[in-house]
Amino acid sequence: MDDSANSLLHGDPRQNLLEAAKLVEDAAYEMATSQSSRLVSELIVIAADLDRIASSMAHHHGKRDGAARG
């Protein structure tokens, strides 16, 4: 495992998901001229899913913090 992969194991999971989403999205756009539109579309959907999961984690985390305070 390289240093960048190892650093993902110890970072903020939500931030890791957002970074992964950005990497997948960037790869999709780079491959747009050389790969099928179906593959590129699938990658864009995966990136959006990762982004939604990260947002959902942030939303649930906020609810949990609010319940603990209230």
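Computation of the quantities below employed the complete heavy-atom set of this structure, encompassing side-chain atoms and omitting hydrogens, waters and symmetry-equivalent molecules.
Identified under the salt bridge (charged side-chain N to carboxylate O under 4.0 Å, His left out) test for residues 40-50, with sequence neighbours left out: R38-E42, D49-R52.
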Check: residues 20-32 side-chain donor-acceptor pairs under 3.5 Å, at least two apart:
residue, atom, partner, partner atom, Å
K22, NZ, D26, OD1, 2.9

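Rounded to the nearest 0.5 angstrom, S56 OG and R14 CZ are separated by 11.0 Å.
A heavy-atom distance below 4.5 Å is found between the side chains of D51 and L18.
Put simply, V40 and I46 are part of two different groups of oily side chains (I, L, V, M, F, W, Y) that touch within less than 4.5 Å, one to the next. A single hydrophobic cluster is seen to contain both I53 and L43, as judged by linkage of ILVMFWY side chains at heavy-atom distances under 4.5 Å, directly or through other members.
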